Amino acid sequence: MNGSERIKMAAGEWYTCLDSELEALRILARDAVFEHNSLPPRQRGDVGPALKSLLGAAGERARIEAPFHCAYGFNIFLGDGVFLNAGCIILDTAPVRIGKGTLLGPNVQIYCAEHHKEAAGRQAGLEIAKPVEIGDNAWIGGSAVILAGISIGAGAIVGAGAVVTRNVPPNTTVVGNPARPVRRG
């Protein structure tokens, strides 16, 4: 596919992250994140003003605790009542949709980018972006890692420290590295 690296990224094609347009967008995100993380809590509210205007969507009562980090911001879509605890990182090179009422524990990490398997490709900054979707009323435990292209169903629970490498069906609990289903007690 021809076009800018941003167009390639949005289309799910290989693109180079070492691009001036993408860097300019990351700088905007870093500025918004800096404001969010630096404002006193009463001034910040649920989401800092610059970050809220950058997000793809932030539903009613969606809250992001500080500190927070994201790559671009415009690919993050938060449903009503979503809660991201302190230390969450969302590398949103592709859309990240988090359904209403979903809770993310501290230090949860969501990665949409996959780097090239060949060393020369990695050195050239080649990545491919894959979306992540988390359904309504899911619970993602602290320090869980969700990899690119993953879908987590409504009502699912991801245990603390789990590394999610496969899709999680609705109302399923997964734990471990790699995350595997367990029975709910």
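We're numbering straight along the sequence, starting at 1. Here the structure is a predicted model, which means the values were calculated and not measured.
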Would you check, one step at a time, whether the test salt bridge (Lys or Arg N to Asp or Glu O under 4.0 Å) holds for D80 with K100?
CA-CA 5 Å; D80 293 344; K100 68 180 179 182; over 6 Å; no
In sequence, state the C-alpha distance, the side-chain angles, and the governing distance for R30 and E23, and then conclude on salt bridge (Lys or Arg N to Asp or Glu O under 4.0 Å).
CA-CA 10 Å; R30 286 194 296 265; E23 179 60 16; 2.8 Å; yes
Does any N or O in the side chain of N171 come within less than 3.5 Å of the main-chain N or O of A156, such that one atom is a donor and the other an acceptor?
no
If we only count heavy atoms from C-beta on, is the Y111 to V145 side-chain gap below 4.5 Å?
yes
Check whether any side-chain heavy atom of I90 lies under 4.5 Å from a side-chain heavy atom of L84, and answer yes or no.
yes
Donor-acceptor contact present, side-chain S53 to main-chain L51, <3.5 Å
no
Would L104 end up clustered with V33 when hydrophobic side chains under 4.5 Å apart are linked, directly or stepwise?
yes
Backbone of E35 reached by a side-chain donor or acceptor of S38 within 3.5 Å:
no
Once rounded to the nearest 0.5 Å, what's the spacing between atom CG of N75 and atom SG of C70?
9.5 Å
Where P95 and C112 come nearest, the two heavy atoms and their spacing
O-SG, 4.4 Å
Are any of the side-chain heavy atoms of L22 and M9 separated by less than 4.5 Å?
yes
Check A179 against A162 and note the closest heavy-atom contact, atom names and distance.
CB-CB, 4.1 Å
When clusters are formed by joining ILVMFWY residues with side-chain heavy atoms under 4.5 Å apart, either directly or through shared neighbours, do V174 and I150 land in the same one?
yes
Please name the residue in the list V158, I134, V163 that meets the side-chain contact (heavy atoms from CB on, under 4.5 Å) test with I146.
I134
When rounded to the nearest 0.5 Å, the distance separating SG of C17 from CZ of R26 is 6.0 Å
Contact between T93 and Y72 at the side-chain level, heavy atoms closer than 4.5 Å - yes or no?
yes
When rounded to the nearest 0.5 angstrom, what distance separates CD in E13 from CD in E127?
14.5 Å
Might you point out which heavy atoms bring R44 and A66 nearest each other, and give the distance in Å?
NH1-CB, 3.5 Å
Apply side chain to side chain contact (heavy atoms under 4.5 Å, CB included) to the pair I98 and E133, showing each step before the final yes or no.
CA-CA 6 Å; I98 302 175; E133 184 156 351; over 6 Å; no
Atom CZ of residue position F74 - does it have more than 12 heavy atoms of other residues, nucleotides or ligands inside 6.0 Å?
yes
Should S143 and N107 count as side-chain neighbours, where that means a heavy-atom distance under 4.5 Å?
yes
Which pair of heavy atoms, one from Y15 and one from A113, lies closest together, and at what distance?
OH-CB, 4.4 Å
In the structure I gave you, are the side-chain heavy atoms of P181 and T173 within less than 4.5 Å of one another anywhere?
no
Result for side-chain contact (heavy atoms from CB on, under 4.5 Å) between V132 and one of D92, L147, I152, I110 points to I110
Is the H116 ring parallel, tilted or perpendicular to the W14 ring (thresholds 30°, 60°)?
tilted
Starting at CZ of F34, measure out to CG of L39 and round the result to the nearest 0.5 Å.
9.5 Å
Interatomic distance, CG@L78 vs CZ@R63, rounded to 0.5 Å, equals 13.0 Å
Heavy-atom nearest pair, A144 first then G159, reads CB-O, 4.1 Å
Evaluation steps, side chain to side chain contact (heavy atoms under 4.5 Å, CB included), between I64 and H36
CA-CA 9 Å; I64 301 174; H36 174 83; 3.7 Å; yes
State, yes or no, whether a side-chain contact exists between K130 and E114 at a heavy-atom distance under 4.5 Å.
yes
Would you mind reporting whether V164 and P178 have side-chain heavy atoms less than 4.5 Å apart?
no
Scanning both residues in full, the closest heavy-atom pair of G79 with A62 reads O-CB, 3.8 Å
Please check if F83 and F68 belong to a single hydrophobic cluster, counting links between Ile, Leu, Val, Met, Phe, Trp and Tyr side chain heavy atoms closer than 4.5 Å.
no
Taking a hydrophobic cluster as the set of Ile, Leu, Val, Met, Phe, Trp and Tyr residues connected by side-chain heavy atoms closer than 4.5 Å, whether directly or through intermediates, do W139 and V168 fall within one such cluster?
no
Interatomic distance, CD@Q123 vs NE2@H115, rounded to 0.5 Å, equals 13.5 Å
Using a 3.5 Å distance criterion without hydrogens, assess whether the side chain of E5 forms a donor-acceptor pair with backbone atoms of T16.
yes
